[in-house]
Each structure stands twice: as structure tokens, then as C-alpha cells.
Amino acid sequence: MVEIKTDAALDAMREAGRVVARALATVREAAGVGVSLQELDEAARSVLAEAGADSPFLGYRPSFAPVPFPAVICTSVNDAVSHGIPTGYRLRDGDLVSIDCGARLDGWTGDAAITFTVGTPRPGDLDLIDATRRALDAGIAAAQVGSRLGDISHAIDTVARKAGCGMPADFGGHGIGRRMHEDPHVPNRGRPGRGFPLRHGLVLALEPMLMAGGQNTYRTDIDGWTLRTTDGSRAAHIEHTVAITDQGPRILTLP
């Protein structure tokens, strides 16, 4: 069931989105050579606690997961596409890092992700990040009242294909509101003019995940969570929570 949010709910979700943005900025600032992924998780926990928010990630256990997620951020490094669990791994020069974070504040949820390099970027990493950002921007631009879900999906896919990147089959964006994952599912591939109609008050988390090798296949680590490229190529993941409004798309997870 798709829930259409009131304007007051959109304002409340904007506050949750601000917390997500602060947490991601704090993690980005804390990241550096020698810093552990667990230390990044601790930094995000501090931001959520200070804001009086909690994490929709912590303890989350969808049907595919063997154990509940043990952290407040996902930390996906190099060939990890998404859902990486923060461990004691210490960042190295040249690492490509994706951080996904959510926050729940006063009953409403925000969800966003960033990708960045640590130290000296490896060849192609900045281009991959740029393509992922452009794919998200295209999806957001297509999130207009009167359009359809397939228009968003097609816009994201078009950018990814032109960049020669793959995207993991079966994974994409989602509705969001009182819960982190709500209907509708937002594929990162689709046909324009098809799918659920977009209307004022629909809120979606849009999240292209681009894989540099061009393949769409992935594998899951033994931890049951971390998704990795099957060819070992690098991956990037960028996400915003976006409200469809009569005034155009409203990004709720900006600072």
C-alpha cells in the first residue's frame, strides 16, 4: 500500500533528513587512512544520539538476512556495492567508500548515501562517482507530478548505460515514510510512461548503485549482507530521499 504524505509530514521528514545529512557529513569528515569502519559507525551514532533520533538500520532484518543488521550505517568499500557491515577494517589510501545512513526522528524516516575516495583516487573512481551522481540527478529531475515511476527508472538507467556501468539486478529505491522501506519499489531500470503515477506527497528514496565493470550481477558475502560485484570492479552508491510535490521534486536529505 502506497502512503501519500501530508505537507506537515513532508516537513517532519525534512527534519529527519537533516539528521541523515549531518551524520553523513560527520562520517565523511572522520574518514581517512587508518580510520576503521567501526569508528565511522560510532561517529554516526553520536550524531543520531545528539539529535534525539534513532536508526532504522540497527536491528533491521529483512527476509534475506541471516542476522539483524548490527550498525547504524552501511560501509561498502571498493568492490562492495551496498549493505557492507562496519568492521575493524582500517581505510587505506585509494579506497572507494560508500556510506548509507538512515535516521528516524519523531516517527518519520530519512535515508541517504554518499560515495567518496580516501587519499589518492584510483583511475576511474571519480568518473564512477560522477556517473552515479548524474544518474541520481536524472532520477530526481524525472520525479514530477503527472509522470510515472518508470520515468524515474528510465532516467537513472539511461545515465548508467551511457557511462558503461552495470547496476545490481533486483535492487533499487523504495518508498519511505514512517518506515524505512515502504511501497512502491523503485527499480533502477524501467520503461518511460509505465508504472505507479507520481503525485504530490509521494516520497521515494532514490538510490542508483553503479558498478564500473558493466555487469549487472553481484554476489553476497558470507555475512549475508554485503553485496559485491562478481567481476571485482569498483562500485558507487548515492542516494537521497525525495518528495514529489506540485512545486517539483523536494530533496529531504540535504544539509
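The figures here come from the full heavy-atom set of this structure, side chains too, leaving out hydrogens, waters and symmetry mates.
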Membership question, hydrophobic clusters at under 4.5 Å side-chain separation (ILVMFWY): are [Y] and [X] in the same one?
{"X": "Phe69", "Y": "Met180", "result": "yes"}
{"X": "Val242", "Y": "Leu254", "result": "yes"}
{"X": "Ile238", "Y": "Val159", "result": "no"}
{"X": "Val118", "Y": "Leu126", "result": "no"}
{"X": "Val97", "Y": "Leu24", "result": "yes"}

Keeping the roles fixed (side chain from [X], backbone from [Y]), state whether a donor-acceptor pair exists under 3.5 Å.
{"X": "Asn78", "Y": "Arg234", "result": "no"}
{"X": "Trp225", "Y": "Val67", "result": "yes"}
{"X": "Lys162", "Y": "Ala131", "result": "no"}
{"X": "Asp221", "Y": "Asp223", "result": "no"}
{"X": "Ser147", "Y": "Ala143", "result": "no"}
{"X": "Thr75", "Y": "Ile99", "result": "no"}
{"X": "Asn216", "Y": "Met167", "result": "yes"}
{"X": "Thr115", "Y": "His237", "result": "yes"}
{"X": "Asn188", "Y": "Gly172", "result": "no"}
{"X": "Asp183", "Y": "Met1", "result": "yes"}

### Passing candidate, side chain to side chain contact (heavy atoms under 4.5 Å, CB included) with Arg148, options Ser153, Pro192, Pro197
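Only one option passes, and that is Pro197.
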#### Entry: Sole residue of His240, Arg18, Glu239 in side chain to side chain contact (heavy atoms under 4.5 Å, CB included) with Thr253
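Among His240, Arg18, Glu239, the one that satisfies the side chain to side chain contact (heavy atoms under 4.5 Å, CB included) with Thr253 is His240.
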To the nearest 0.5 Å, how far apart are [atom1] in [X] and [atom2] in [Y]?
{"X": "Thr158", "Y": "Arg189", "atom1": "OG1", "atom2": "CZ", "answer": "11.0 Å"}
{"X": "Leu206", "Y": "Ile176", "atom1": "CG", "atom2": "CD1", "answer": "10.5 Å"}
{"X": "Cys165", "Y": "Asp127", "atom1": "SG", "atom2": "CG", "answer": "9.0 Å"}
{"X": "Trp108", "Y": "Arg178", "atom1": "CH2", "atom2": "CZ", "answer": "3.5 Å"}
{"X": "Thr229", "Y": "Leu210", "atom1": "OG1", "atom2": "CG", "answer": "12.5 Å"}
{"X": "Leu37", "Y": "Ser76", "atom1": "CG", "atom2": "OG", "answer": "9.5 Å"}

For [X] against [Y], the heavy-atom pair lying closest together:
{"X": "Ala44", "Y": "Val72", "answer": "CB-CG2, 3.8 Å"}
{"X": "His174", "Y": "Val186", "answer": "N-CG2, 3.7 Å"}
{"X": "Leu198", "Y": "Ala142", "answer": "CD1-O, 3.9 Å"}
{"X": "Ile251", "Y": "Ile140", "answer": "CD1-CD1, 3.9 Å"}
{"X": "Thr245", "Y": "His200", "answer": "CA-ND1, 3.2 Å"}
{"X": "Val20", "Y": "Gly110", "answer": "CG2-O, 3.5 Å"}

### Query
According to the interplanar angle, ranging from 0 to 90°, do the rings of His83 and Phe64 count as parallel (below 30°), tilted (30 to 60°) or perpendicular (above 60°)?
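It falls in the parallel class, under 30°.
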### Task
Show your reasoning for whether side-chain contact (heavy atoms from CB on, under 4.5 Å) applies to Phe57 and Asp41.
CA-CA 11 Å; Phe57 288 19; Asp41 185 66; over 6 Å; no
Close side-chain approach of [X] and [Y], heavy atoms under 4.5 Å:
{"X": "Arg194", "Y": "His154", "value": "no"}
{"X": "Pro168", "Y": "Met211", "value": "yes"}
{"X": "Leu96", "Y": "Ile129", "value": "yes"}
{"X": "Leu227", "Y": "Thr220", "value": "yes"}
{"X": "Leu91", "Y": "Leu40", "value": "yes"}
{"X": "Ile114", "Y": "Val27", "value": "no"}
{"X": "Glu207", "Y": "Phe171", "value": "no"}
{"X": "Leu204", "Y": "Pro184", "value": "yes"}

### Message
Could you go through Arg219 and Asp79, starting from their C-alpha distance and side-chain angles, then the distance that decides it, and tell me whether this counts as side-chain contact (heavy atoms from CB on, under 4.5 Å)?
### Response
CA-CA 10 Å; Arg219 63 179 178 85; Asp79 65 332; 4.2 Å; yes
Does atom [atom1] ([X]) have a neighbourhood of more than 12 heavy atoms from anything else shown, all under 6.0 Å?
{"X": "Arg199", "atom1": "CZ", "answer": "no"}
{"X": "Asp106", "atom1": "CG", "answer": "no"}
{"X": "Arg61", "atom1": "CZ", "answer": "yes"}

### Task
Go through the structure and list residues passing salt bridge (charged side-chain N to carboxylate O under 4.0 Å, His left out) with Arg90, not counting sequence neighbours.
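Arg90: salt bridge (charged side-chain N to carboxylate O under 4.0 Å, His left out) contacts with Glu39.
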### Query
Would you call Glu42-Arg45 a salt bridge at under 4.0 Å N-O?
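So Glu42 does not pair with Arg45 through a salt bridge.
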### Query
Quick one: do Asp7 and Lys5 make a salt bridge, cutoff under 4.0 Å?
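Salt bridge flag = no for Lys5 with Asp7.
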### Message
Suppose we screen for side chain to side chain contact (heavy atoms under 4.5 Å, CB included). Which residues come up paired with Gln215, at least two apart in sequence or across chains?
### Response
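Residues passing side chain to side chain contact (heavy atoms under 4.5 Å, CB included) with Gln215: Thr217, Thr230, Asp231.
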### Message
Before you tell me yes or no, could you show the steps for Arg133 and Asp137 under salt bridge (charged side-chain N to carboxylate O under 4.0 Å, His left out), namely the whole-Å CA-CA distance, both residues' side-chain angles and the distance that decides it to 0.1 Å?
### Response
CA-CA 6 Å; Arg133 185 178 294 111; Asp137 288 345; over 6 Å; no
### Trace of the salt bridge (charged side-chain N to carboxylate O under 4.0 Å, His left out) decision for Asp157 with Arg191
CA-CA 10 Å; Asp157 186 34; Arg191 298 175 62 184; over 6 Å; no
